[in-house]
Amino acid sequence: MYPERVVSGMRPTGTMHLGHYHGALKNWIRMQSEQQCLFFVADWHALTTHYDDPAIIEKSTWDMVIDWLAAGIDPSQATIFIQSRVPEHAELHLLLSMATPLGWLERVPTYKDQIENLASKDLATYGFLGYPLLQAADVLIYRASQVPVGEDQVPHIEMTREIARRFNHLYGKEPGFEQKAAEAVKKLGSKRARLYMELRTAYQQEGDEDALEQARAMLDDAGSLSMIDRERLFGYLEGSRKLILVEPQARLTEASRLPGLDGRKMSKSYGNAISLREERDSVTRKIRTMPTDPARVRRTDPGEPTRCPVFQLHQVYSDEPTREWVLKGCRSAGIGCIECKQPVIDAVLEEQEPMRERAQQYLDDPSLVRAIVADGCETARRLAHDTMRDVREAMGLAYT
Ligand code: SF4
């Protein structure tokens with residue numbers, strides 16, 4: 001089996017805000033110490049919707065990488081790179097497009113939604129229709145085992161899995177595969193070889209998933225096998241094909257959605273966001289002027305926290321005793337709204353403080369950011385190159 005890997009990207013289309021931090025970056029930070037992670041700036045994806053306004057992309061790309069580093073992405077643990085600096089993504093996208101039925105792309109639910117949501121833009125483009133396939137290439141090129149996604153992105157991962165399966169089916173045929181697999185089985189040693197064949201039969205004849213898992217675990221442990229023999233035996237377990245591309249799993253991220261200053265989802269386009277490294281005074285002013293429960297016209301009017309956007313922020317930022325204090329104090333008019341907002345202001349500023357500090361060194365010396373990205377691009381290209389060598393060979397494009 002290929003090593004466990006996580007791949008995820010973000011589109012550089014503007015400043016990052018605390019909604020991004022709570023919705024995605026905190027997960028990335030957790031994952032980077034658990035698994036090999038590759039995080040990329042999806043600049044080609046940004047072009048699918050911003051093809052007529054590319055000026056924003058370059059600046060947002062560098063700002064975004066600084067935001068990632070400020071938030072706690074650690075380049076010594078995770079690989080940070082820019083999608084367009086690894087042109088193999090485009091090559092795989094093109095090759096996958098040869099065998100991807102058009103209907104698969106048209107039925108991706110977010111395709112129609114996005115066209116409706118962004119009605120002011122002409123998205124009847126070839127690039128926009130193909131963006132889920134480009135996303136598939138972004139993941140498959142690293143043989144990623146997991147992709148962190150929200151609920152709405154699960155269909156994209158499903159399609160990525162179908163594309164990998166179809167590719168392996170079409171191109172995983174290897175001349176003399178059965179014989180090469182049989183020779184690889186012998187290399188397991190007689191006891192393991194017998195067990196492998198029994199488990200294979202149990203899976204292929206009775207669909208025994210446990211047998212499949214057991215056989216895979218055995219192959220993972222079989223130090224006597226070369227990489228290529230191991231892959232052959234993985235493919236042989238399930239059929240008679242080599243597994244060239246890996247079917248990734250969706251790793252559902254916790255739905256921690258930070259509400260914006262007006263209670264709706266935090267989004268730059270709603271004008272209700274606090275950016276990741278926003279100035280302290282601006283953060284304080286924005287929270288102080290947030291709307292509250294409309295029933296609290298006067299200080300003496302009792303309110304209802306469940307109708308108030310400030311309380312939604314307390315649910316993210318405050319501990320249980322503080323939330324109790326708000327519930328009681330608001331409903332009895334025992335506290336005023338400014339008083340109620342102060343713990344949120346303090347918590348947001350405290351959360352941002354280390355981010356501002358970490359960002360400063362990169363703002364002072366942008367060459368540090370360039371160097372991190374250059375290293376990341378090199379690592380990513382090396383991994384992408386390995387996959388493309390197998391893909392080209394499988395599709396008859398090796399020209400050796
Ligand atoms: S006291 Fe707090 S929860 Fe109640 S209305 Fe004012 S800001 Fe909202």
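These numbers come from the heavy atoms of this one structure, side chains and all, not from hydrogens, waters or symmetry mates. In listed order, ligands and their atoms are each counted from 1.
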Which pairs of donor and acceptor atoms, one on a side chain in residues 7-18, lie under 3.5 Å apart (sequence neighbours left out)?
residue, atom, partner, partner atom, Å
S8, OG, W28, NE1, 3.4
R11, NH1, H45, O, 2.9
R11, NH1, T49, OG1, 3.2
R11, NH2, T49, OG1, 2.8
H17, ND1, G19, N, 3.0
H17, ND1, H20, N, 3.4

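- A cation-pi arrangement is found for R264 relative to Y270, the charged atom lying closer than 6.0 Å to the ring centre and inside a 45° cone about the ring normal.
- R298 has a carboxylate O that lies under 4.0 Å from a charged side-chain N of D301, or vice versa, which qualifies the two as a salt bridge.
- Side-chain atoms of T292 and P309, non-hydrogen and from C-beta on, never get closer than 4.5 Å to each other.
- The side-chain tip of R200 points at the ring of Y236 from less than 6.0 angstrom away and within 45° of straight on.
- Salt-bridge check for R382 with D386: failed, with every basic side-chain N at 4.0 Å or more from each acidic carboxylate O.
- The set of protein atoms (N, O or S) found at less than 2.8 Å from atom 8 (Fe) of ligand 1 reads C308 SG, by chain and number.
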